[in-house]
Amino acid sequence: MSSPLTRDWVGIQQFPAATQNKLLEILGKLKEENVSTMTILVMGKGGVGKSSTVNSILGERAVTVSTFQSEGLRPMMCSRSRAGFTLNIIDTPGLVEGGYVNDQALEIIKRFLLNKTIDVLLYVDRLDVYRMDALDRLVIKAITDTFGKAIWRRSLVVLTHAQLSPPDGLNYDDFFAKRSEALRKCIRLGARIKKQEFQESNIPVVLVENSGRCRTNDSAEKILPDGTPWIPNLVREITLIISNGSMPIVVDQKLIEGPNPNNRGKLFIPLILAFQYFFVIRRIQRAIKDDIAKESKPLWELRDLGLADRKF
Ligand code: GDP
Ligand code: MG
C-alpha cells in the first residue's frame, strides 16, 4: 500500500541506538515472514493520547497533539519506509463529542479507509482512568458495528500515561491488572463477544508513556516503571498481532455500505422463516389433519354426536 506520499522513516534515527537496533531487528523478522508493509489504525476517545502515540512510534512530530481543543474531523495517514519496509499509521479524530459517539467522525473515518487493509487496530485509552462508563461501551460498539467483531482479534489496547502512582497506595501491577481487566470486559460487552470466545483470544494491553518527562534507562531509552523500554515493546506487540493467525480487515465498499457486518446473517431470517413455514409447519399441519381424518372415534364420542345407538 506504499503511496507516492511515503517518506523515508528518518524519525527512527532520533531513537537511542539501543531502540533503533531493536526496531530494525523486529522489522528484519517481519521481512523474513514476507511482511513488507503494515497498516496500523489508531482509535479511541478524544484526548487519550492517540496523536502523541503516533508521534512516539514514528519518532517525529508527524501529527498535531492538542491539549485543550478538540481535534479536526479528518483522519491522517503517515507513511514511512525503511529498509524496504513501509509503515502506515492512521491517526483518527476522537470518537466522542459532547457525551455522544460522533457518527459524522465515524463516517469520515470509514470513507477514508476505503480500499485500505487494516493490519492492526490500536485502541487507545489512559491508564489513569479508574472507571469505564456507558460511553466507553458505545465507542466499542461503534467500532464493532463498523468493522465487524473480527477487528478485536487484530487489536491491541494501548494505555497511555503509564508513568503514574496508583491511587490509595495500590500496587502498580495490581492497578494495571485491574484497569486492563475493566477495559477488556468493556470491549467484550460492547462488542457482544461471548465470554469463552473472548478468553481464548485475550486482547493484549500495552503501556505507553508519551510524556517528555518519561524516565529513561542507561541507554537513554524511554522506560516504563518496571524498566521495560516501551517503544520497542509496543512495536513487538503490534507485530505479534500480525502473526496471531487472524485475518487483516479489508475495508471495501461492501463493508462500508453494507449492513452492519455483525448482522449479515440476519438477511437470511425471512428465508429461514419461509422455509420453516413451507417445509416444517405445513407438513406438521397436514400430518395432524390426516391423523384427525383417520382417527377412529371412541364410542362415547360417536354417541354424543348422535351417530351411535343409544342403547345404554
Ligand atoms: P488525542 O486527542 O487522543 O490525539 O490526544 P493527544 O495525543 O492530542 O494528547 C492529548 C494531551 O495528552 C496532550 O496534552 C498530550 O501531551 C497529553 N498526553 C498524551 N499522551 C500522554 C502520556 O502518555 N503521558 C502524559 N503525561 N501526557 C500525555
Ligand atoms: Mg489527536
Side-chain angles (χ1 to χ4, degrees), residues 11 14-15 19 39-79 88-102 104-106 108-110 112-113 120-130 132-133 135-136 138-140 142-143 155-167 172 175-176 179-180 183 186-187 204-217 221-235 237-238:
Q14 308 299 315
F15 294 126
T19 299
T39 302
I40 304 171
L41 175 65
V42 183
M43 291 184 104
K45 294 187 290 185
V48 292
K50 297 182 297 299
S51 304
S52 306
T53 304
V54 168
N55 289 342
S56 292
I57 295 173
L58 293 176
E60 58 176 294
R61 281 189 155 269
V63 290
T64 319
V65 168
S66 39
T67 309
F68 298 109
Q69 83 261 43
S70 72
E71 312 136 287
L73 272 181
R74 281 202 62 75
M76 175 153 170
M77 179 155 99
C78 306
S79 300
N88 304 305
I89 306 192
I90 304 168
D91 189 21
T92 62
L95 285 177
V96 167
E97 202 161 279
Y100 294 96
V101 173
N102 186 341
Q104 195 194 353
L106 199 61
I108 293 173
I109 294 172
K110 267 172 33 175
F112 183 88
L113 293 175
V120 178
L121 167 73
L122 298 188
Y123 183 76
V124 184
D125 204 341
R126 293 172 62 142
L127 174 65
D128 60 342
V129 170
Y130 311 131
M132 308 295 300
D133 58 26
L135 202 53
D136 291 293
L138 285 179
V139 175
I140 303 289
I143 294 176
S155 300
L156 194 67
V157 172
V158 169
L159 294 179
T160 61
H161 296 250
Q163 196 166 279
L164 72 86
S165 307
Y172 189 92
F175 179 79
F176 172 53
R179 176 78 179 109
S180 307
L183 237 156
C186 180
I187 293 177
V205 182
V206 182
L207 292 168
V208 158
E209 178 51 75
N210 293 308
S211 163
R213 273 170 288 166
C214 179
R215 281 217 316 275
T216 53
N217 62 13
E221 294 180 285
K222 289 183 166 186
I223 53 169
L224 298 173
D226 74 352
T228 310
W230 71 260
I231 293 178
N233 184 53
L234 171 63
V235 176
E237 290 286 345
I238 290 173

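One-based numbering, in listed order, for ligands and for the atoms of each.
- Under 2.8 Å from the Mg ion (ligand 2) lies an N/O/S atom of Ser51, whether from backbone or side chain.
- Considering only heavy atoms from C-beta on, Cys214 stays 4.5 Å or farther from Thr216 through its side chain.
- Checked options Leu207, Val42, Val48, Leu234; the residue passing with Val158 is Leu234 (criterion: side chain to side chain contact (heavy atoms under 4.5 Å, CB included)).
- Below 3.5 Å of separation, one finds an N or O of Val48 facing an N or O of ligand 1.
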Would Thr160 and Asn210 count as a side-chain hydrogen bond (donor to acceptor under 3.5 Å, both in side chains) here? Give the steps. CA-CA 7 Å; Thr160 61; Asn210 293 308; 5.3 Å; no

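- Near Gly46, the atoms of ligand 1 lying under 4.0 angstrom from a non-hydrogen atom of the residue are 2 (O).
- When only interatomic distances are considered, the shortest N/O to N/O separation between Asn210 and ligand 1 falls below 3.5 Å.
- Screening Thr92, Leu122, Asn88 for a side chain to side chain contact (heavy atoms under 4.5 Å, CB included) involving Leu41 leaves a single residue, Thr92.
- For atom 8 (O) of ligand 1, the choice among Gly94, Ser66, Pro93, Ser56 with the nearest heavy atom turns out to be Ser66.
- Residue-to-ligand polar distances keep Ala162 apart from ligand 1: every N/O pair is separated by 3.5 Å or more.
- The structure places CG of Asn55 at 8.0 Å from CG of Asp91, a figure rounded to the nearest 0.5 Å.
- At a 3.5 angstrom cut-off on N or O pairs, Ser51 counts as close to ligand 1.
- Here the straight-line distance linking atom CG of Leu183 with atom CG of Asp125 works out to 5.5 Å at 0.5 Å rounding.
- Using a cutoff of 4.0 Å between basic side-chain nitrogens and carboxylate oxygens, Lys45 and Asp136 are scored as salt-bridged.
- Of the listed residues (Lys45, Glu209, Lys50, Arg126), the one carrying the non-hydrogen atom nearest atom 24 (N) of ligand 1 is Glu209.
- Distances below 4.0 Å separate heavy atoms of Ser52 from the following atoms of ligand 1: 6 (P), 7 (O), 9 (O), 15 (C), 19 (C), 20 (N).
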